[in-house]
There are 2 protein chains.
Amino acid sequence: MEKEFENEAQDSGKFVASGSRDLVVEPDSSLTEKISEFTVRRLSSYYRILLSLESQDVQTVSSARLAELCGVTSAQVRKDLSYFGNFGTRGLGYQVTDLKTAIVGILGLDRKWMMALFGAGSLGHALFFHDGFRQDGFYFTHIFDIDPRRVGEKWRDIEILSFAAAKEKLAADPVDIGVIAVPEESAQDIADLLIDLGVNGILNFAPRQLTIPKNVRLRNVNLAVALESLSFLLSG
Amino acid sequence: MEKEFENEAQDSGKFVASGSRDLVVEPDSSLTEKISEFTVRRLSSYYRILLSLESQDVQTVSSARLAELCGVTSAQVRKDLSYFGNFGTRGLGYQVTDLKTAIVGILGLDRKWMMALFGAGSLGHALFFHDGFRQDGFYFTHIFDIDPRRVGEKWRDIEILSFAAAKEKLAADPVDIGVIAVPEESAQDIADLLIDLGVNGILNFAPRQLTIPKNVRLRNVNLAVALESLSFLLSG
DNA sequence: TAGATTGTTAATCGATTAACAATC
DNA sequence: TAGATTGTTAATCGATTAACAATC
């Protein structure tokens, strides 16, 4: 079974040493700090498989079976889960629905996440209408674009506003996550705005490393990387 | 440190048609097989930084500076490059243009890659019109969709054809890479078709693990994973 | 009880980093 | 020559896997 890189959610890159000098960073013993990005990705994968098993009315699954379906080892499955608790029963395996519920809780999918979209180009459009996000509880509540011709347009029932309107609008009606789907030149400006507004999570599609304070969580998705990695393999 | 690998090396031996006996020579010594996916991604990152430096007329860059711009260590930069050759000059660093050219060659960006798009929904639309791909040399030459209402539509000068037409069309006019942007239910069918046609590279956006022969290179991009990883961090 | 499978510890594997001789 | 920086080796760090006692 081979493994593949699912996606390119890279580590949040660099951060600026914030504010005053000797401010010691919190001990960071929070569980999330200790869990590797690899484990989180695999949890996403387990989650999807469990959804599928549940829809097939499968009651129980062993780490070996789950591993097979995800393309990892059974030890890996058990290890990943063990960071968060004991979800299985020796001799029997895991209850599909219970484990799914547990992972939903771990990943924070048991609530709604409000998101603002920056950039209403074709990528922004695809993200906005991507059904998978809403199914996971991620909702776009605002859309901003710099192009005056797009401003005023409506997607579903959400009106596209100008970048200039973003600050006031988001201050009045805040979001959890800002999604950056603008050209790379303006990506940092949008990030700065989001940070200024106290948004804690940023999903960045611009192929540029963003500078953010370390309390802000950043994930980068770079569509070119997957293709370049393919061409590397194909031309080798 | 981390693993999470490309998809299986393969095809072990390189054939060398030597004289009378055509025998397999060199078991698995192809370079691409030995390079980790992590290194390849960083090469993509170096490449983008070098493009940017070049456009600013920067002549020379040290591993330390490149590392700083990419958010990695200088040892990492030198190590990554050392797998492929000696591109620097001790005491001076790297010539920006030369290093860029070298990485372009390593990543296989010194040629054009023809691609077929499966799924002309909003994601497919975004991918098709994504400028970055063409700039890198990746061209969509075919578009296929199952929806009869879309078939016949034209994007740029390419007509959208039905899935049924794909086999014949691609046999006559082959591609290097198939891009799967269909719902997960049909992803495996498209993959099977591509494999059947001898396409060696697949970029899959469906959130489903595809079963493919070892000689086919697969990269998965799952948009949900990045968001789920953000919600994990934000809710921790 | 006998068989199955978890949760966890210890061993292994591989990626990153520190350090430095080579050399511009 | 003195200073800078590469290419590479060895040390470190951390992720994965094998193995097994616990226990259903």
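So that the names make sense, note that chain A is the first sequence line, chain B the second, and so on, each numbered from 1.
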Given atom CG of Asp80(B) and atom P of dT8(D), what is their separation to the nearest angstrom?
-> 14 Å
Arg208(B) backbone acceptor or donor facing Asn204(B) side chain under 3.5 Å = yes
Whole Å only: how far is the CD atom of Gln76(A) from the P atom of dG7(C)?
-> 15 Å
Any donor-acceptor N/O pair, Gln59(A) side chain to Asp57(A) backbone, under 3.5 Å | yes
Here the distance between atom C1' of dT6(D) and atom CG of Asp98(B), to the nearest Å, is 15 Å
In whole angstroms, how far is the P atom of dT9(C) from the OH atom of Tyr83(A)?
-> 12 Å
Judged by atom type as modelled, is there a donor-acceptor pair below 3.5 Å linking the side chain of Thr32(B) to the main-chain atoms of Leu233(A)?
-> no
In numerical order, the residues of residues 47-64 of chain B whose heavy atoms come under 4.0 Å of DNA chain D are Ser62(B), Ser63(B)
Identify whether NZ of Lys or CZ of Arg in Lys34(A) sits under 6.0 Å from the centre of the six-membered ring of Tyr83(A) and within 45° of that ring's axis.
-> no
In whole angstroms, how far is the P atom of dG14(D) from the CZ atom of Phe38(B)?
-> 14 Å
So, does Ser36(A) use its side chain to make a donor-acceptor pair with the main chain of Thr39(A) at under 3.5 Å?
-> yes
Is a donor on one side and an acceptor on the other found under 3.5 Å between the side chain of Trp113(B) and the backbone of Asp136(B)?
-> no
Expressed in angstrom and rounded to an integer, what is the separation of Leu66(B) atom CG from dT6(D) atom P?
-> 9 Å
Under 3.5 Å donor-acceptor, Gln188(A) side chain and Thr211(A) backbone = yes
Is there a side-chain polar atom (N or O) of Arg42(A) under 4.0 Å from OP1 or OP2 of dT16(D)?
-> yes
To the nearest Å, give me how far apart NZ (Lys79(B)) and P (dA11(D)) are.
-> 14 Å
For the pair Phe133(B) and Phe138(B), name the ring-plane relationship: parallel under 30°, tilted 30 to 60°, perpendicular over 60°.
-> perpendicular
Nearest non-hydrogen partners of Leu107(A) and Ser231(B), listed with the distance | O-OG, 2.6 Å
Would you write the dot-bracket representation of DNA chain D, where each base gets (, ), [, ], | or . depending on whether it forms a Watson-Crick or G-U pair under 3.5 Å and with which partner?
-> ..||||||||||||||||||||||
Partner of Glu228(B) under salt bridge (Lys or Arg N to Asp or Glu O under 4.0 Å), picked from Arg42(A), Arg41(A), Arg48(A), is Arg48(A)
Check: protein-nucleotides 20-24 of chain D nitrogen or oxygen pairs below 3.5 Å:
residue: dA22(D); atom: N3; partner: Arg90(A); partner atom: NH1; Å: 2.8
residue: dC24(D); atom: O4'; partner: Arg90(A); partner atom: O; Å: 3.2

Ser74(A) and Arg78(A) side chains, donor-acceptor separation under 3.5 Å | yes
Would you say dA4(D) has OP1 or OP2 under 4.0 Å from some side-chain N or O of Tyr94(B)?
-> no
How many Å lie between NZ on Lys34(A) and P on dA15(D), as a whole number?
-> 13 Å
